[in-house]
Amino acid sequence: MNLHITKSKNAESFYIAKSYVKANGCTSSAIVRKLGTLNQLIVEHGPTRDDVLAWAKNEVKLETERYKKEKEAKTVLIPFHADRQLDYDKQTFYRGGYLFLQSIYYGFQMNKTCRKLKAKYKFKYDINAILSDLIYARVLEPASKRSSFKTASEFMEKPAYELHDVYRALDVLGNECDFIQSEVYKNSHFIGKRNDQVLYCDCTNYYFEIEQEDGDKKYGKSKEHRPNPIIQMGLFMDGDGIPLAFSLFPGNTNEQKSLKPLEQKVIGDFGCQKFIYCSDAGLASEDIRTYNHLGERAFIVTQSIKKLPAEDKTWALNKSGFKRVADDMPVDITALPDDDTSLYYKEEPYTLKKLHQRLIITYSPKYAHYQKTIREKQVERAEKMISSGNTKKQRKNPNDPGRFIGTTAVTEDGEAAKVHTFLDENKIAGEAMYDGLYAVCTDLLDDDVSGILKVSEGRWQIEECFRIMKTDFSARPVCLQDENRIKAHFLICFLALLSYRALEKELDYRYTCEEILDTLRGMNFAQIQEQGFVPLYKRLKITDDLHEACGFRTDYQFITKSQMKTIQKKSKVKE
């Protein structure tokens, strides 16, 4: 503390001021308390100016002692002035949710991977800062690379790079996409044991808001049913729902043909030799099953009942021979109530092109009731379409009620007649035969059925991964055109998903995706007169768990600048 005296034409004023160091390293001062003007103070502490000066110096001494005591008691008093305007062009809002993602980022040792890239390419910009900020921004406020740079400027640790460095870094990230994935996987074992005994695989696609094909952006079957060119992504995920690897391929390529190169990368570059491959029927062709029957690998895949050979299909649709999964007791599934929540199964050997498998058929009364209810509503809509004469729509969608509408344009004698529409009861009955039924094929001939079904049920997590990337992280539409930068974009989305899922695991899966993201995006701070930060979020159970999982706390009433620097250091060190 020090005595600050200002003189004007009409008065001499005395203040107690405090010196501090600003973020840019420059020294400044702030008024702690105004003592008064000389004319005011002479009345009480005079009669001379020297008497007032001696009194003022003593007040400074007392204020300094009071400040030291408050500091020891961890109490901070900062004066505000109702007659003082805000400083011009001064940032006071900061995002803090990235600190928890930073804990995961450095846990995966991505900084060391970036160090290897810098040694290889000899660039001057900080690719570690660029990559980490792009990942954090993708989770906290997904947008373009330019907007992500702006978002990063609101972090506690501001970017020391320029926007043009970001675009240069994208070229490197695209070139080294496979290397970064393999390094991250290897380093992920430092956080904890990866559940890579079961690997889930699936494919999706992302659309571009363009009208002409270009490079790998090809016309194909879009998941969003859009007429735009698309690019496809294959993704491997471990048994805990944490992404393992991805690859991109042209939008018009058969996804089954794209799987083997990605799996070979997982086996070769990642060193995964022993695992159970699990996928839906779309990635479960005969070749894929045969490939995953080799070595120490095995497979558990979904099987379309409709595509089974006639004899096996008849057996699968037969309602006899089922057992309860929980205790293997024989059950008549035709007598079960709709609200029965148990799962039932039957199995038989299944050989396809000399590959011996087990075909497991499951039945769920609850799922059967759900399918029946949905179909009944669709039948009602089909009847209304017939009565209104509105039956000319194309019925390409498998859930379109128009699929239950039949047409005939001949008489019973085969003569031409006026087109007649009717409700196709055979079609309805044909679909009802499959209600509640589900089929799984595996080459695990001796394993317990309940364990096999449990692995198969885990496929929902990879669908959730795609949903998070597309919806919560806004991975599409893709606005980049250069092939290499497109690859870098999806690498950033993949690493953002990886970081989020790892954080979700650290929280022991106690919270939904919406709860975690909303909390991270709301954990912001206000800087108070260059002295420190005040949290702007509400303390909840989830914020306590986030702090506990990441090993630091930001939920104090006031955080000094030195304390915040300590927090930043802790977020970069995984204990």
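Everything numeric in this text was worked out from a predicted model, so none of it was measured.
Between the side chain of E59 and the main chain of L35, no donor-acceptor pair closer than 3.5 Å is present. At least one donor-acceptor pair under 3.5 Å links the side chain of R485 to the backbone N or O of Y167. Under the 3.5 Å distance criterion, the side-chain polar atoms of Q232 are matched with a main-chain donor or acceptor of G251. A donor-acceptor contact shorter than 3.5 Å is absent between the side chain of Q273 and the backbone of E296. With Q529 contributing its side chain and P79 its backbone, the two residues share a donor-acceptor pair below 3.5 Å. Put simply, the side chain of D165 gets close to the backbone of E162: a donor and an acceptor are under 3.5 Å apart.
Interatomic distance, CD of Q256 versus CD1 of I288, reported as 4.5 Å (0.5 Å rounding). Considering CZ of R226 and CG of N205, their distance stands at 11.5 Å, rounded to 0.5 Å. In this structure, the separation between CG on D126 and SG on C114 is 8.0 Å, given to the nearest 0.5 Å. With rounding to the nearest 0.5 angstrom, the CG atom of N484 is 9.0 Å from the CG atom of L170. Rounding to the nearest 0.5 Å places CD1 of I231 at 5.0 Å from CZ of F208. Expressed to the nearest 0.5 Å, how far CD of E515 lies from CG of L520 amounts to 12.0 Å.
H547 has its side chain within reach of F100: a pair of non-hydrogen atoms, C-beta onward, lies under 4.5 Å apart. With contacts defined as side-chain heavy-atom distances shorter than 4.5 Å, the pair K572/E157 qualifies. Counting heavy atoms from C-beta on, the side chains of Y291 and Y277 never come closer than 4.5 Å. Side-chain contact between L546 and L503 is present, with heavy atoms from C-beta onward closer than 4.5 Å. Using a 4.5 Å heavy-atom threshold, the side chains of K223 and F466 count as separate. You'll find the side chain of T204 stays beyond 4.5 Å of the side chain of M469, heavy atoms only. When side chains are defined from C-beta on, F494 does not count as touching I180, because their heavy atoms never get closer than 4.5 Å. With a 4.5 Å cut-off on side-chain heavy atoms, L131 and L173 count as touching.
Within 6.0 Å of the CZ atom in R146, the count of heavy atoms belonging to other residues, nucleotides or ligands does not exceed 12. More than 12 heavy atoms of other shown residues, nucleotides or ligands fall within 6.0 angstrom of atom CD in E464. Remark: K193 NZ is loosely packed, at most 12 non-hydrogen atoms of other residues, nucleotides or ligands lying under 6.0 Å away. Within a 6.0 Å sphere centred on NE2 of H293, other residues, nucleotides and ligands contribute 12 heavy atoms or fewer.
Remark: the E176 side chain and the Y121 side chain contain an N/O donor-acceptor pair separated by less than 3.5 Å. Side-chain atoms of Y537 and T554 include a donor-acceptor pair closer than 3.5 Å. In this model, no donor atom of one side chain and acceptor atom of the other lie less than 3.5 Å apart for Y185 and Q181. A donor-acceptor contact under 3.5 angstrom links the side chains of Y161 and D133, judged on distance only.
Listed here is the closest heavy atom pair of N128 and Y105: OD1-OH, 2.7 Å. Contact between R476 and T471 at its shortest, heavy atoms only, is NH1-N, 4.4 Å. Nearest heavy-atom pair across C493 and A475 is SG-CB, 3.8 Å. Here the closest non-hydrogen pair linking S499 and M110 is OG-CE, 4.1 Å. Closest approach of D196 and F275 over heavy atoms only: O-CB, 3.5 Å. Here the closest heavy-atom approach between residue Q481 and residue K217 is recorded as O-NZ, 3.2 Å.
Between K150 and E141, none of the side-chain N atoms (NZ, or NE/NH1/NH2) sits under 4.0 Å from a carboxylate O, so this pair counts as no salt bridge. The pair E255-K221 does not meet the salt-bridge criterion, since no charged nitrogen lies less than 4.0 angstrom from a carboxylate oxygen. Ion pairing between a basic and an acidic side chain is recognised when a charged N comes within 4.0 Å of a carboxylate O; E504 and R501 show such pairing. The existence of a salt bridge linking R66 and E63 is confirmed by a sub-4.0 Å separation between a basic side-chain nitrogen and an acidic carboxylate oxygen.
Remark: of the listed residues T442, N292, L453, T442 is the sole one forming a side-chain contact (heavy atoms from CB on, under 4.5 Å) with I300. Remark: of the listed residues F155, Y106, F525, F155 is the sole one forming a ring-ring contact (aromatic ring centres under 6.0 Å, His included) with Y98. The only member of C201, C203, S247 that meets side-chain contact (heavy atoms from CB on, under 4.5 Å) when paired with L259 is C201.
A search for side-chain hydrogen bond (donor to acceptor under 3.5 Å, both in side chains) contacts involving K158 returns Q91, not counting sequence neighbours.
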List the steps, then state whether side-chain hydrogen bond (donor to acceptor under 3.5 Å, both in side chains) holds for D545 with Y511.
CA-CA 10 Å; D545 289 342; Y511 303 99; 2.4 Å; yes

Take R138 and I135, measure what side chain to side chain contact (heavy atoms under 4.5 Å, CB included) needs, and give me the verdict at the end.
CA-CA 5 Å; R138 180 58 52 178; I135 292 171; 5.7 Å; no

Can F558 and Q563 be said to form a side chain to side chain contact (heavy atoms under 4.5 Å, CB included), step by step?
CA-CA 10 Å; F558 186 81; Q563 288 174 327; 5.6 Å; no

Under the side chain to side chain contact (heavy atoms under 4.5 Å, CB included) rule, what do S103 and E506 come out as? Steps first, then yes or no, please.
CA-CA 11 Å; S103 176; E506 291 282 336; over 6 Å; no

Please assess L540 against T519 for the test side chain to side chain contact (heavy atoms under 4.5 Å, CB included), listing each intermediate value before the final yes or no.
CA-CA 9 Å; L540 300 168; T519 301; 5.6 Å; no

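Among residue pairs with one or both ends in residues 234-247, those qualifying as salt bridge (Lys or Arg N to Asp or Glu O under 4.0 Å) are R194-D238, D240-K505; sequence neighbours excluded.
Taking the ring centroids of F490 and Y206, they lie under the 6.0 Å cut-off.
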